Structure formats: C-alpha cells, structure tokens
There are 2 protein chains.
Amino acid sequence: MTTVNRPGAPDGHVCGIDTAMEVIGGKWKVLILWALHERPHRRFGELRRLLPGVTEKVLASHLREMEADGIVRRVSYDEVPPRVEYSLTEDGRRLNDALEPLAAWGRERSAAGRRGLPAG
Amino acid sequence: MTTVNRPGAPDGHVCGIDTAMEVIGGKWKVLILWALHERPHRRFGELRRLLPGVTEKVLASHLREMEADGIVRRVSYDEVPPRVEYSLTEDGRRLNDALEPLAAWGRERSAAGRRGLPAG
DNA sequence: GTGGGTGGTTACCTCCGGGTGAGCGTGCAC
DNA sequence: GTGCACGCTCACCCGGAGGTAACCACCCAC
C-alpha cells in the first residue's frame, strides 16, 4: 500500500519515509508495535484484547505482514491449547524508537487540544 | 482515517502515534511534507510536478486537509493567472522533524536491501 | 454432548480513498 | 474565436483494506 511509483530511487521510494510508511501502513500496526513495546511476548488473544475493535482476521494478517517485514517475531509452542507469542525483532525495536518523536508530536498536539483546527 | 475507537484517551487515541498517523495518513502527504521541507513556498503546479502520479483532485484535497490540520499554510495571491503558495507552518516543520528518525529507519532498511524479506 | 478457550482460516461484503476525466473563470497570445 | 496556463471543483468509478461471520482442530469442565 501507499506505493508511489516515482523515479529517483531504485525501489521507487523518495526519501525513506514511504519505505517506513509501507511497513506501518496498516490500520492497527502502530498500535501492535506499541503493545509489543510496552511488554514483549504478547499472545494473540492478549493483543486482541488490547486493540478493541480489531478482528481476528485483520490482527492475524497484520501480524503476518509485520513478521514478513522482519519487525515482529512469531514463536509458536506446540501445546494444547495452542500458544503463540509475538515479540519485536531488533529491527522492530528500532522502528519503535524511530516512532517516538512522532508519538511525542502527536501527544503535544492532543495536549494542545487541536484536532483539526487551524494552527495559530 | 485510521481512527481507532478506543477508550483510555479522551479523543480515542492511544499513544499519540495514531494522532500523527491520522495527519500523515494520506497517500501523498509525507511526500508533500518532504517537498515543502526541501523548499518552502511551493506552488500547486510545482508540487504536482514533484509528485508524479498525483492527480489535481487528490493533491488539492490533501493540501486542504493538511491546511485544516494546521501543518500547511496556504497563501492565495489575487492575480491572473491565479497564484497560490503553500508552505509549512511551525507545527508542520516540527512534524517533519519528528519524521526524520522514521526516514532514517527507512533509508537504513532500503540500504540493507530488505524489501519484505524476513529479518535475519 | 454442550460450551468455552486456544489461534487461527475462509468466503463473502462494505466502504471510502484515491483515480479518471471533464469543466470553470480569467487574461494573454495567436 | 480558439487555445493555453493556472488552480482548482465536480461527478463518477474502481480496487483493496478492512469488517462480518462461519468454521476448524484440540482439550477441558460441566
């Protein structure tokens, strides 16, 4: 998603931002990242409860994509009932760190109470 | 877009990230931000040429939204032919700064050549 | 046997962000 | 009067991300 066909970079990306945007471009991905950052080794149902409104299908596909992107690690234990644990990879942790300034910006904006109002 | 109805914050946001994600959640918004960061006071047609593939409609609506979000300033000169200049507000500049680490992460990832491959 | 909890998959369907193409209103060049 | 450049706006359409709901396999508690 959000792939921009643009010359200038071999992979069609302009400035690294859109590379990152592709990775975090799912509706719930940053929240998953956040949940996994707060505490590593989250289980599927735990994540689902932490993200009220997400459906199993979407959560599962998001996690698959993030695993394929190398930012989430999935460990499945061969038990009954089945147990699966998700955690951040090193790359995922660095992505989360890179998101912190953005989060700070958002928090500032929320604190300032502006939610679509023109800036002063 | 990407609005998550979630308790815990008065505005339905969890951690500031999704506040930011809403603001930059358009297909071309980060690129507009980038173009406006490289040089302030871009004209409409200039931006269109800088973002090959964007349509007038989408560029216009993106700019309107960013203006409403207070990160872009729009100055219209009453001339013929009409001239409109776009620039970043202070908030927009800070947003761009907050995006830098993310861009660095993306550049690193591009440099590492991984584009969806599992992490090693 | 019925229900619950585990972590999914599958088949549909909805919704809206974004793409397409046209038109507008002005003045200048031809 | 025809066309162009500018910076849009409007009406329409499409694709895909995401939502809905059912189902699967397993075991335990009742």
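Within every chain, numbering begins at 1; the chains are lettered A, B, ... in the order of the sequence lines, protein sequences first and strands thereafter. Since this is a predicted model, take the numbers as computed values, not measurements.
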CD1/B/I71 to OG/B/S87 distance, rounded to the nearest 0.5 angstrom?
12.0 Å
So what does B/Y77 hit on the nucleic acid, given a heavy-atom distance under 4.0 Å: a base, only sugar-phosphate, or nothing?
nothing
For atom NZ of B/K27 and atom C1' of C/dG19, their distance in whole Å:
8 Å
How many whole angstroms separate atom CG of A/D78 from atom P of D/dC27?
11 Å
Rounding to a whole Å, what distance do you find between B/E67:CD and D/dC8:P?
10 Å
NZ of A/K57 versus P of C/dC12: gap in Å, rounded?
13 Å
Could you check how far NE2 of B/H62 sits from P of D/dG7, rounded to whole Å?
18 Å
Take the protein atom CG of B/L47 and the nucleotide atom C1' of D/dC6, then report the distance between them rounded to whole Å.
14 Å
Residues passing the salt bridge (Lys or Arg N to Asp or Glu O under 4.0 Å) test with B/R64, sequence neighbours excluded, are none
Just do the salt bridge (Lys or Arg N to Asp or Glu O under 4.0 Å) check on B/E46 and B/R39 with the steps written out, would you?
CA-CA 11 Å; B/E46 199 175 357; B/R39 183 155 59 92; 2.5 Å; yes
Strictly below 4.0 Å, N to O, side chains only: are B/K29 and B/E65 in salt-bridge contact?
yes
Rounding to an integer number of Å, can you tell me how far B/E46 CD sits from D/dG7 C1'?
14 Å
Residues in contact with DNA chain C, drawn from residues 35-44 of chain B - heavy-atom cutoff 4.0 Å:
none
Compare all side-chain heavy atoms of B/V84 with those of B/V75 and state whether any distance is below 4.5 angstrom.
no
Let me spell it out: for each of B/S61 and A/L63, pick the nucleotide of DNA chain C with the closest heavy atom. Which residue's pick is nearer the 5' end?
A/L63
Please list, chain by chain and in numerical order, all residues satisfying salt bridge (Lys or Arg N to Asp or Glu O under 4.0 Å) with A/R93, sequence neighbours excluded.
A/E90
Does D/dC8 have OP1 or OP2 under 4.0 Å away from a side-chain N or O of B/R64?
yes
Which nucleotide wins on minimum distance to the side chain of B/V58, given the candidates D/dT9, C/dG18, D/dG19?
C/dG18
Report yes or no: do A/Y86 and A/R42 form a side-chain donor-acceptor pair below 3.5 Å?
no
Which distance, rounded to the nearest 0.5 Å, do you find between the CE of A/M66 and the OG1 of A/T89?
9.5 Å
How large an angle, rounded to 10°, do the end axes of the helix from C/dG1-D/dC30 to C/dC30-D/dG1 enclose when each is built from five base pairs?
30°
With a 4.0 Å cut-off on N to O distance, would you call A/E67 and A/R73 a salt bridge?
no
Output the distance between atom CD1 (B/I24) and atom CD1 (B/I32), rounded to the nearest 0.5 Å.
12.0 Å
Length of the line joining A/R83:CZ and C/dG8:C1', which is rounded to integer Å
16 Å
In Å and rounded to the nearest 0.5 Å, what is the CG to CH2 distance from B/L50 to B/W28?
11.5 Å
Side-chain N or O of A/R48 versus OP1/OP2 of C/dG5: is the shortest distance under 4.0 Å?
no
Assign a letter to each nucleotide of nucleotides 22-30 of chain C from its 5' end: B, base within under 4.0 Å of a protein heavy atom; S, sugar-phosphate only; -, no contact.
-----S---
List the atom pairs, with distances to 0.1 Å, where a side-chain N or O of residues 99-108 of chain B and a protein N or O form a donor-acceptor pair under 3.5 Å, not counting sequence neighbours.
residue : atom : partner : partner atom : Å
B/W105  : NE1  : A/D91   : O            : 3.3
B/E108  : OE1  : A/R94   : NH1          : 2.8

